[in-house]
There are 2 protein chains.
Amino acid sequence: MKIDPRHLEILAAIVDNGGLTEGAEALGKSQPSISRTLSQLESRIGAPLFHPGRRPLKATELGLSLAAQGRSVLEATRVAGQIVDRYRTGHTGLVRVAGTPVFMDGVVAGIIARFQQHMPDVLVEQSYGYADALIDRLRNATLDLAIIPLQQGQVPDDLRFQPILPGLNVIACRNGHPLLRRKSITLSDISQYSWIAPPTNSPLYRDLQRALAKIGAKDFRINFSGGSLASVVSILAGSDSLTVLPYSVVFEMKNQNQISALTLEIGHPDRMLGVLSKETPDKNPAGERFKSFVISQFESLSRRINQHRQEQLWR
Amino acid sequence: MKIDPRHLEILAAIVDNGGLTEGAEALGKSQPSISRTLSQLESRIGAPLFHPGRRPLKATELGLSLAAQGRSVLEATRVAGQIVDRYRTGHTGLVRVAGTPVFMDGVVAGIIARFQQHMPDVLVEQSYGYADALIDRLRNATLDLAIIPLQQGQVPDDLRFQPILPGLNVIACRNGHPLLRRKSITLSDISQYSWIAPPTNSPLYRDLQRALAKIGAKDFRINFSGGSLASVVSILAGSDSLTVLPYSVVFEMKNQNQISALTLEIGHPDRMLGVLSKETPDKNPAGERFKSFVISQFESLSRRINQHRQEQLWR
DNA sequence: CATCTATATAACATCATGTTATGAAAATAG
DNA sequence: CTATTTTCATAACATGATGTTATATAGATG
């Protein structure tokens, strides 16, 4: 015999709360509703679930057995409700985030780590890519958030770009690099060192070219190209090579005492690092929560960077 | 958020059976019904439970979590249905049975033991009483079955009496009693032994009086009165006293080699031992099952008694 | 690309569930 | 024992969910 699980819930509520009135209260329903459901259930089963005429209500053996099952149903729905609530408040779910490799490794990875300390049940799925590909993925809903440098004019109408940091690049070198001891750096100082180049299709590579053009270096040696941030940093730290990195990345890595930035103006690209997402986001509470966390973390990073630069100026 | 347990059941069925169609089949409902319930649930939750557009259907993480709860609901309702089914088929429940003390102890207790070997989950609540009290209890539904000796004329209209055994009484004595060696027994043989009397308000006591009157004994000594069957038998076995017992009781006890019956005609009361119950029984499947078991056991007892008596005649 | 199969939608009937108002009965107090 | 209070049952009605069949649509498959 198939029994409606809601009837079992109601039975459990009556038994566990000691009466129709209390049971109805506990379920947030009216007492007559509960009363009728109970009679209905009893007549279907063909046996009393409570000893008739006795008050306070005392369940029969059968009533008690069924109430035990009702308790189990109640617990399952409670847990289910909790799962949904956690999902809707973004405490659970899946966030798919992507960005340019160097930013993801150098800055965003740390932000994700901090996010997961608060939201351990959110699964963050990270991947890499550049603007065009990520815009496609945002559009076909295989990505929730892109963290990329972008020019304001490049932002499509159906997407929303929230800029965070100016696209500030620096020349990076190992800690203790000879150039760091110079008060002022000339082109000839630089030209004796070779360069580590980012992947040629990356914005950073174009930045490198632009930076070198700006400071007048026509002829430069590249002794390493491609590779993720970790390899770049390793090579940088173990040699006197130079490279171009976003300042934020160098800033975040300064605790590790491996690399530093030359105080040489190389001109900023006309871009902002920012968060790109759908104008009308698909409902993904965890994604929304992650997005605002990322933005707040970037704001905090931005403040720390500005503060640091001011301190540098004071010297 | 409160979630309908039936929706969880449906979700679990879809996930576990690999599709809407199969899930609908498993639940015995139509596919469109399931389909709509699913969309409803998804729109209420505000998130897809299945990855859209992929066939075969693949549940999201959220969908899987909720389906797990649905499985638990499904299991609870399954168990509940089973509990009800067992109740309705009389495999579970409560049977309240009562009867005259000597019969209950001497015959019915054994029947109950055999019943419980087949139906271990039926709780049998046994009590003692005589006709009037038991009739009252049957009427106010505090008793399911009375097993008592009754005259046909005494049966109330609202009750049903199913006679089983004739009210045959015998004079009982210990095994090896001197009287058992006599070919024929006279009044003076008997009068030298004293009597064990049942409780004075019992039918058996009146039977004793009638029996003694029948055989002409006006003056008899009673050296024990009251007590349950167990004490009566103990005293009987340890002395040369006599008493009156239903033949069926003595018959059932003959394996124990403690007591025997004198082959002395003492006249039967105008009663039948039988099963008394409501004409229109309150729905108690276990009670019905027990009742028919009792009747069949009595019939078997009746056959064995008759067979035994025939064998005695042949000697 | 055509066909097949599975899912979604439409339209409709009905039953269960919810409500409030009120009656009946058991328990409790005086 | 009677009066009061509490608790459960019933009535009457509105509505929403669930079920049905028929049919359209969209992935999957050859």
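Since this is a predicted model, take the numbers as computed values, not measurements. We name chains A, B, ... by the order of the sequence lines, and we start the count at 1 in each one.
Salt bridge status for A:E9 with B:K2: present, with a side-chain N to carboxylate O gap under 4.0 Å.
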task = Verify side chain to side chain donor-acceptor pair (under 3.5 Å) between B:R78 and B:Q82, making sure each step is shown before the conclusion.
result = CA-CA 6 Å; B:R78 194 190 63 76; B:Q82 201 171 281; 3.1 Å; yes

Salt bridge (Lys or Arg N to Asp or Glu O under 4.0 Å) evaluation trace for A:K278 with A:D158 = CA-CA 6 Å; A:K278 272 199 179 173; A:D158 56 334; over 6 Å; no

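Between B:K29 and A:S39, the residue anchored closer to the 5' end of DNA chain D is A:S39, taking for each the nucleotide with the nearest heavy atom. Looking at which nucleotide of DNA chain C each of A:P56 and A:R36 is closest to, the 5′-most match is held by A:R36.
A donor-acceptor contact closer than 3.5 angstrom is absent between the side chains of B:R160 and B:T280.
Of all nucleotides listed (D:dT18, D:dC8, D:dC13), D:dC8 comes nearest to the side chain of A:L20. Taking only side-chain atoms of A:S30, from C-beta outward, the nucleotide of C:dA8, D:dA9, C:dT20 with the closest atom is C:dT20. For A:T21, counting side-chain heavy atoms from C-beta on, the closest listed nucleotide (D:dT7, D:dT10, C:dT17) is D:dT7. Side-chain proximity of B:Q31 to C:dT7, D:dA12, C:dA16: nearest is C:dT7. Among D:dT7, D:dT18, D:dT21, the nucleotide with an atom closest to any side-chain atom of A:E22 is D:dT7. Of the candidates D:dG19, C:dT7, C:dG18, the closest approach to any side-chain atom of B:T37 belongs to D:dG19. Relative to the side chain of A:P32, the nucleotides D:dA9, C:dT7, D:dA12 differ in distance, and D:dA9 lies closest.
Nucleotide D:dC8 holds its P atom 9 Å from the CD1 atom of A:I14, rounded to whole Å. Computed from coordinates, the A:H7 NE2 to D:dT18 P distance equals 12 Å when rounded to whole Å. Atom pair A:L27:CG and C:dT17:P shows a separation of 13 Å (rounding to whole Å applied). Atom CZ of A:R6 is separated from atom P of D:dT18 by 7 Å (rounded to the nearest Å). Whole-Å rounding puts the A:F50 CZ to D:dC8 C1' distance at 12 Å. A straight line from CD1 of A:I10 to P of C:dA16 spans 13 Å, rounded to a whole angstrom. Between the C1' atom of C:dA8 and the CD atom of B:Q40 lies a distance of 14 Å, rounded to the nearest Å. Taking atom CD1 of residue B:I34 and atom C1' of nucleotide D:dT21, one finds them 16 Å apart after rounding to whole Å.
Residue contacts for A:S35: at a heavy-atom cut-off of 4.0 Å it reaches a base atom on one of the strands shown.
OP1 or OP2 of C:dA16 has at least one side-chain nitrogen or oxygen of A:R44 nearer than 4.0 Å.
A donor-acceptor pair under 3.5 Å links the side-chain atoms of B:T37 to the main chain of B:S33, judged by distance alone.
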